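First comes the structure, then the notes that go with it.
Chain letters run A, B, ... following the sequence lines, proteins first and then strands; every chain starts at 1. These numbers come from a predicted model, not from an experiment.
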Amino acid sequence: MDQKPTPPSPNQMNQSEAAPLEVFHASGDSPVDDPLLCDLTEPQMRAVLHEQGALLVLAAAGSGKTRVITRRIAHLITTGVAPWSVLALTFTNKAAGEMRDRVHHLLDPEGSGKSRLVRGLTITTFHSLCARLLRRYVEQAQIPGLTGDYTIYNSDDQSSVIKRVLKRLDLNGSNWPPASVRAVISDAKNQLIDAETYQAQAGDFYSKNLARVYEAYQAELRKANAVDFDDLLMLTARMLLQHEHIRAECQNRWEYLLVDEYQDTNHAQFLLANLIAGEGSPNICVVGDPDQSIYGWRGADITNILDFEKSYTGARVITLGENFRSTEPILAAADRLIRNNQQRRHKDLFTTTPGGGAVQVVLCQNEQHESDIVVDWFKAFTETESPLAWKEMAVFYRTNALSRSIEDAFRASGVPYVIARGTSFYEREEIRHALAYLRITANETDDAAFRRIVNVPTRGLGATSITRIENYAHKNNLSTFRAMRSIGQVPGLTARAVNSAQRFVELIDDLSGGGTFMGEQISGSLADLVQRVIQSSGLEKMYADRARIGKAESDLERPDNLAELISSAAQFEQEYVPENDPSLDVPVAEGRAEPPPLLVMLRAYLESVSLVADADMVDPERGAVTLMTLHAAKGLEFPAVAMIGLEEGILPHFRSRERIAALEEERRLCFVGITRAQRHLLITSARYRTMRGVQERTIASPFVDEISGPGVTFSDQADEVVSSPRRSSSYSGQSDPALVEFPVGTVVRHPRFGIGQVTWTSAGENAKARVRFSSVGEKTLILEYARLVRVGS
DNA sequence: CAACGACGCTCGAAA
DNA sequence: AGCGTCGTTG
C-alpha cells in the first residue's frame with residue numbers, strides 16, 4: 001500500500017470517482033454482526049479479512065473458494081477501498097459473470113443497479129482484459145502492424161495461415177503437420193518467446209525451420225492486423241514490461257488484484273498479474289488448488305502456485321480444507337485417487353457432514369450399454385420421493401467424441417440434454433461465413449476472413465484468380481482485399497474475374513460505408529448491420545435455396561441460425577454500454593478521428609464472440625441434463641454426476657502415457673470430475689468401445705482401482721448379455737445388428753435420412769455401409785450398421 | 001469455374 | 001467417423 005497513494009486516479013475522466021464512498025459497513029467491529037462475515041468458517045474469514053500484502057488461498061475442491069473471493073471483494077469495498085481499484089481475473093466469462101453477480105448482490109442487495117459501490121469494479125477474464133488493454137494502448141505501445149481495429153484470429157484462422165505459410169516455405173505435408181506447428185508456436189508465445197528470440201535459440205534443422213514458420217506466421221498476422229489468442233496474453237504482458245508509463249497507469253489504477261484458478265495460469269498470465277500487481281508488497285490475492293491443475297498442455301505452469309511464496313516473499317498462506325460440497329464417500333474416493341500423485345503436497349480433505357450413498361462403479365459391455373446404464377441411473381432419481389430435476393444432473397467425459405452414444409440414448413429415451421460447447425453455434429458454417437463478412441467489414445485487412453468468404457456464395461472468383469491476387473498482394477505487402485482495390489494492377493486475370501472482384505469490393509464498401517461507418521444508408525444499429533450483411537452478401541439467399549433443395553437436417557437449420565445471429569447481435573446491442581468502464585476508454589489522440597460508435601460496437605461484438613468459452617454455455621436453467629468434457633466441468637457442481645469412459649487410453653488419455661507429469665494431470669482431471677458431485681456419483685467403464693468406427697477391447701482405467709475402497713460399490717455387468725455386444729436401446733424394433741448383413745442392393749431405412757439403397761459394405765468387423773439416399777439428392781453416405789434397418793431387398 | 005464423389009489420413013482437452 | 005485433397009464431370 002505504501003507504494004500506491006490513495007486514491008489513485010487513472011486519468012482525468014475519473015477524478016469525480018474519487019469522491020468519498022457511501023459505506024454501509026456493519027454496525028460495530030465484531031465480525032459476527034457483519035452479514036459479509038458471520039457465516040464464514042475461521043480460515044475463510046481470515047482470507048476475507050486479510051488486507052495488505054500478498055495472499056495465497058489454497059482452496060480445496062468445494063471449500064467455498066468463490067464465496068471467499070466475492071466476500072473479500074465486497075468486504076474491501078465496504079471498508080473504503082474504491083471499487084475501480086479492484087481487479088479480479090478468471091478464466092471463463094461464466095466464472096467472471098457469476099462472480100460479478102454475487103458481488104453486486106452483496107453490495108447492492110436491492111438490485112437498484114446504480115450502486116456506486118460497484119462502479120468501475122473490474123471482474124473479467126484474462127483474455128478480455130488483454131483485448132481491452134491492447135486496444136487502449138496499442139497506439140502508444142507502437143506494436144508494428146497493429147492498430148485498434150485488430151481482429152482476433154481463432155484456431156481455424158490460425159490453421160489456415162499456418163497451412164499457407166508452410167506451403168509457401170515449401171515445407172511439405174506429413175513432416176509438418178499444421179496442428180503441431182501451431183502447438184509449438186503457441187507454447188513459445190505462452191513462454192513469451194517471440195519469433196526473433198525463437199530464431200536466436202534455434203539450433204537444429206527442425207527448429208530453424210520452425211523459426212521461419214513462426215516468423216512468417218507472425219508477419220501474416222500483422223499484415224492482417226490480427227492477433228491470435230496467445231498474442232493477446234503475450235503482447236499485453238510484453239507491452240506492460242516494456243512501457244513503463246502504461247505499466248504505471250495499470251498499477252496505479254488497480255490496487256487490489258485477485259486471481260481465480262491460479263493453478264492454471266501460464267507464464268504470460270503469471271507475468272501479467274505480476275506486472276499489474278507491481279513492486280514492493282502488492283495486494284495480490286491468488287486462489288487455487290494444485291490438485292486441480294488440468295491445463296498443463298496449454299502452458300499452465302503449476303509452479304506459479306507452488307512457488308507463490310518465493311515470488312512474493314512474506315506472502316500469507318491460508319488453506320481451506322473443509323469441503324462443503326460432497327458427501328463423505330465421494331470425498332473419500334477423490335482423496336484415495338489423488339493420493340497416488342507423487343508430485344504433490346498432501347492436503348487433507350475433510351467434510352463435517354458425514355453420510356451419503358455409495359459411489360457406484362459399473363463395468364459395462366460397450367458404449368450403448370454404458371449409455372443405457374447412465375439413463376437408467378438418472379431416471380431413477382426423478383422417481384424418488386424428493387426427485388432430482390434434470391438440470392441437477394451431468395455427464396462428464398474425457399473427449400468430446402464420447403458424447404455421441406450418450407446423446408443417442410438420451411434422445412431415444414426422451415431425456416432432455418444440452419451439450420456444453422460454447423463455441424458450437426459459432427462453429428457452424430453459415431455463422432462462420434456471416435461473421436467473416438462482419439470481420440472484413442470491420443477490418444478490411446483480415447485475410448483469413450477474406451479467404452473464407454471471397455467466393456461464398458460463388459461469384460466467379462475461383463482458386464486460380466484468388467491465387468493470382470494473393471501473389472500480387474504478397475509481393476506488394478498488401479492485404480488481399482486491399483490488393484483487390486487496385487485489381488487492374490494484378491496480372492493475368494480474366495475480364496470476368498476483374499469484374500467479380502470489383503463487385504466484391506463494392507459490396508464490402510457498401511457495408512462499411514467505405515470504411516467510415518458513416519452515411520445515410522448505415523444505421524447506428526448493430527443488428528441492422530448484421531441483417532444487411534447477411535442479406536446483401538447473398539448468404540441469406542444461398543442458404544434459403546439450399547434449405548429448399550437439400551433435406552439434410554443441417555441445411556434446414558441454416559436460415560434459422562442466421563436469424564438467430566441477428567437476434568444475438570440485437571441482444572448484445574441492448575446490453576452494450578459503451579461507457580461501462582470509463583477509465584478504460586481509449587483517449588482520443590490529437591488529430592485522430594474518434595472511431596464511429598457503430599464500428600466500436602461491432603469490434604466489441606466480434607471480440608465477445610471470439611472469446612466465448614465452452615464453459616460459458618453451461619446454463620442450469622435450461623431444465624436438461626448437461627453433457628460436457630471434464631475440462632469444462634471445472635468450477636461447477638451437480639447433485640448427480642455420471643463419469644463415463646474410465647478406460648486405459650481414454651482416461652488417462654493414451655497421449656499422456658510417456659510422461660509421469662502428464663499422467664498425474666490425467667489423475668487430477670479425474671479428481672476434478674469426482675469432486676463436482678454433491679450427492680450421487682456413477683463411474684462407468686466399458687469393456688468394448690467403438691473408436692474410429694472399429695470396436696475395440698478396452699482395459700479398465702487404473703483410476704478405477706485407485707478410487708475403490710469403503711463407500712464404493714462395484715458392479716460388473718460386462719458379461720451380462722454375452723450374445724449381443726451391440727445391444728442398442730436407441731433404435732428399437734431392430735434385430736441384433738451384429739447378426740444382420742446388408743448385401744449391396746439392400747433397401748434400408750436410416751433414422752435421419754430415410755429410405756436408401758446399399759452400394760457398398762465394409763468387410764468383417766467394420767460395421768459400415770455406403771448407402772445412397774434419394775432423400776438427400778442421391779448422395780452416398782457412410783453409415784453404421786447399427787443405425788440401419790432392412791426394409792426389403 | 002463449380003460441384004461432387006472417391007480416397008486417404010488422422011484421431012485430446014481450449015481461450 | 002469426419003475432414004481435406006484430388007480427380008472427374010458438367
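- Shown for residues 286-298 of chain A: residues whose heavy atoms fall under 4.0 angstrom of DNA chain B, namely A:W297, A:R298.
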Distances under 3.5 Å only, N/O to N/O: pair up the protein atoms with those of nucleotides 1-3 of chain B.
unit_1: B:dC1; atom_1: OP1; unit_2: A:S465; atom_2: OG; d: 2.7
unit_1: B:dC1; atom_1: OP2; unit_2: A:T464; atom_2: OG1; d: 2.6
unit_1: B:dA2; atom_1: OP1; unit_2: A:N455; atom_2: ND2; d: 3.1
unit_1: B:dA2; atom_1: OP1; unit_2: A:G460; atom_2: N; d: 3.3
unit_1: B:dA2; atom_1: OP2; unit_2: A:N455; atom_2: ND2; d: 3.3

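- The side chain to side chain donor-acceptor pair (under 3.5 Å) check on A:H127 picks up nothing, with sequence neighbours excluded.
- Nearest-nucleotide positions on DNA chain B for A:R182 and A:A179 put A:A179 closer to the 5' end.
- The phosphate of B:dA13 (OP1 or OP2) has a side-chain N or O of A:N400 nearer than 4.0 angstrom.
- The salt bridge (Lys or Arg N to Asp or Glu O under 4.0 Å) pairs that include a residue from residues 262-271 of chain A are A:D264-A:K634, where partners are two or more places apart or lie in different chains.
- Atom P of nucleotide C:dG4 and atom CD of A:E429 are separated by 11 Å, given to the nearest angstrom.
- For A:A401, the side chain to side chain contact (heavy atoms under 4.5 Å, CB included) test picks out A:T399, with sequence neighbours left out.
- For A:R657, the side chain to side chain contact (heavy atoms under 4.5 Å, CB included) partners two or more places apart in sequence, or in a different chain, are A:E648, A:F654.
- Under the side chain to side chain contact (heavy atoms under 4.5 Å, CB included) criterion, A:N225 pairs with A:L146, A:T147, A:D149, A:Y150, A:N443, A:T445, not counting sequence neighbours.
- Checked against side chain to side chain donor-acceptor pair (under 3.5 Å), A:S403 has the following partners two or more places apart in sequence or in another chain: A:E407.
- Where stacking is scored as ring centres under 5.5 Å apart with planes under 30°, A:H653 does not register as stacked on the base of B:dA13.
- The aromatic rings of A:W297 and A:Y295 sit tilted relative to each other, their planes meeting at an angle between 30° and 60°.
- With distances taken from any side-chain atom of A:R655 to the nucleotides B:dA15, B:dA14, B:dG12, the minimum falls on B:dG12.
- In this view, A:F91 and A:F126 satisfy the ring-ring contact (aromatic ring centres under 6.0 Å, His included) rule, not counting sequence neighbours.
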